[in-house]
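In what follows, a single structure is set out as structure tokens and then discussed.
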Amino acid sequence: MATINDIARLAGISKSTVSRVLNGDDTLSVSQSTEKNIFEAAEQLSYDKYKTKHKTNGTIAVVLSYKESEELDDAYFMSLRLAVNNHLTDSNYRFKNFFQTDYERNELAKQSYIGIVAVGFFDKETILKLRALHKPIVFVNTDTLLDNVDCVVTDFTSSVARTTNHLLQAGIKDIGILTAKQHHHHLITLENDPQGFLAKTFLQCKKTFNPDYFFVAEDYTAAAGYQEMNKIIDKLGAKLPKAFLIGSDSIAIGAMRALTEHKIAIPQQISVIGFNDITSAQYITPSLSTVHVSRNAMARAAFELLNEQFQKRNMVPRKITIGTSLIIRDSSV
């Protein structure tokens, strides 16, 4: 495991600044480029070293569902992009990243891009536009099987079952759920919010679901988590649940900051479990319990699907589901 000293050394930034950025301290005035350097250094230290090769196999367009300025809002997507970039490099391909404001259909249609890896949350309209380019394409993190397009997704069902069962076996029945809006949906369904839908369903099956403990933040950011948890504390007061399952580590980091400011002890009063296991989750105080999602495994699976399209094998659309593991750290029982 890389230390904060390692990250500071690679990023060329002081240890104290690195520590405060990783802990989500928004009182610290640092530039976005400094923050990005810190998170990229932390992510790169978590990967194996990739060999430098002559890039001769062609160029892949890596299409991101978000703006470059938004990448720091949820470090999971930065880590997923870096995993895809690294795997393409290791597989002897060039790549070009296209953030949301960068890609136009005419640019992506160029013959110089022999395939597309689309990373993030994509709406139906964008999925259909990218599919209409008639290039080998794989979506990572969006389930596109219904659209007859290859995709790589996370195993939400086992993840949610494992985390809820862990808390129930620890004797905690008052469990809160904090997710976030996706694609501007207002209804919580399996399609647009699998974590929230499944957590609610599992708790209902165990007869422990409390609708007063179900919350939805504005988006998947630490700022949104902080804002929503402050609202929850104001609303529930002393009737807070004993644990929170939270839809992303970024939301969880913001929520934990709000709990700490209100002098609510973690995990003595409330256990917190996030999702994704972003690199900074192990460095914050207390270190964040979370569901580990292997970005390297997702990137490798995406490349395998893309390569099969290049070879014109197994052309029936496929969905690869990547398993997860529960990492218990200091923020929960």
Side-chain angles (χ1 to χ4, degrees), residues 4 16 19-28 73-76 159-160 162-181 188 193 195-196 199-200 202-203 206 208-292 326-333:
I4 288 180
S16 61
S19 179
R20 292 174 67 184
V21 167
L22 292 178
N23 273 280
D25 184 352
D26 63 358
T27 65
L28 181 64
D73 290 340
D74 188 347
Y76 168 70
S159 303
V160 174
R162 193 176 293 117
T163 51
T164 52
N165 285 335
H166 171 79
L167 292 173
L168 290 170
Q169 289 169 7
I172 296 177
K173 295 184 179 180
D174 296 333
I175 300 173
I177 302 169
L178 175 55
T179 61
K181 297 177 182 177
I188 303 300
D193 184 5
Q195 294 152 292
K200 177 180 177 180
F202 284 140
L203 291 177
K206 299 290 186 179
T208 58
F209 176 70
N210 184 339
D212 292 335
Y213 290 164
F214 193 102
F215 302 93
V216 181
E218 283 298 314
D219 52 46
Y220 283 82
T221 66
Y226 175 78
Q227 183 180 42
E228 188 64 27
M229 185 55 73
N230 275 314
K231 292 179 181 178
I232 293 169
I233 294 168
D234 289 342
K235 179 180 180 180
L236 297 180
K239 297 181 180 180
L240 287 166
K242 300 301 182 185
F244 265 100
L245 298 177
I246 300 185
S248 81
D249 290 348
S250 294
I251 301 173
I253 289 170
M256 286 170 59
R257 185 160 62 87
L259 290 167
T260 300
E261 288 181 1
H262 283 82
K263 302 189 185 308
I264 298 170
I266 306 169
Q268 292 83 358
Q269 292 175 263
I270 294 183
S271 286
V272 176
I273 300 179
F275 198 97
N276 291 329
D277 194 23
I278 61 176
T279 302
S280 58
Q282 59 192 306
Y283 299 110
I284 65 173
T285 304
S287 58
L288 178 61
S289 295
T290 184
V291 174
H292 175 73
L326 178 60
I327 307 297
I328 297 300
R329 298 193 178 105
D330 296 335
S331 71
S332 73
V333 296

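Just so you know, these numbers come straight off a predicted model, no measurement behind them.
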Interatomic spacing from CD1 in Ile266 to CE in Met256 - rounded to 0.5 Å: 4.5 Å
Which distance, rounded to the nearest 0.5 Å, do you find between the CD1 of Ile273 and the OG of Ser159? 11.5 Å
Quick one: ring pair (Phe, Tyr, Trp, His ring centres under 6.0 Å) pairs with a partner in residues 253-281, sequence neighbours left out? Phe156-Phe275
What's the spacing between Tyr213 OH and Leu245 CG if we round to 0.5 Å? 13.5 Å
Pairs in or reaching into residues 258-274: which pass salt bridge (Lys or Arg N to Asp or Glu O under 4.0 Å), with residues at least two apart or in two chains? Arg257-Glu261
Should the pair Phe214 and Phe209 be assigned to parallel (<30°), tilted (30 to 60°) or perpendicular (>60°) ring geometry? perpendicular
So which heavy atom on Leu167 is nearest to which on Ile175, and how close? CB-CD1, 3.9 Å
Could you measure the distance from the NZ atom of Lys200 to the OG1 atom of Thr164? Nearest 0.5 Å is fine. 15.0 Å
Working to the nearest 0.5 Å, report the span between CD1 of Ile251 and OG1 of Thr179. 7.0 Å
Please name the pair of heavy atoms, one in Ser250 and one in Tyr220, separated by the smallest distance, quoted to 0.1 Å. CB-O, 3.9 Å
Taking the side chain from Thr221 and the backbone from Asp73, do they hold a donor-acceptor pair closer than 3.5 Å? no
Indicate whether the side chain of Ser287 and that of Asp330 have a donor and an acceptor atom separated by less than 3.5 Å. yes
Measure across Asp249 and Asp277 and return the closest heavy-atom pair with its distance rounded to 0.1 Å. OD2-N, 2.6 Å
How long is the straight-line distance from OG1 of Thr208 back to CG of Asp174, given to the nearest 0.5 Å? 8.5 Å
Within the structure provided, determine whether Leu236 and Pro241 are in side-chain contact (heavy-atom separation under 4.5 Å). yes
Quick one: do Ile270 and Phe244 satisfy side-chain contact (heavy atoms from CB on, under 4.5 Å)? Show the steps, please. CA-CA 7 Å; Ile270 294 183; Phe244 265 100; 4.1 Å; yes
Where is the tightest heavy-atom contact between Ala224 and Glu218, given as atom of each residue plus distance? CB-N, 4.2 Å
May I ask you to decide if Tyr76's main-chain N or O and Asp74's side chain share a donor-acceptor pair within less than 3.5 Å? yes
Please confirm whether the backbone N or O of Ser289 pairs with a side-chain atom of Ser331, one donor and one acceptor, at under 3.5 Å? yes
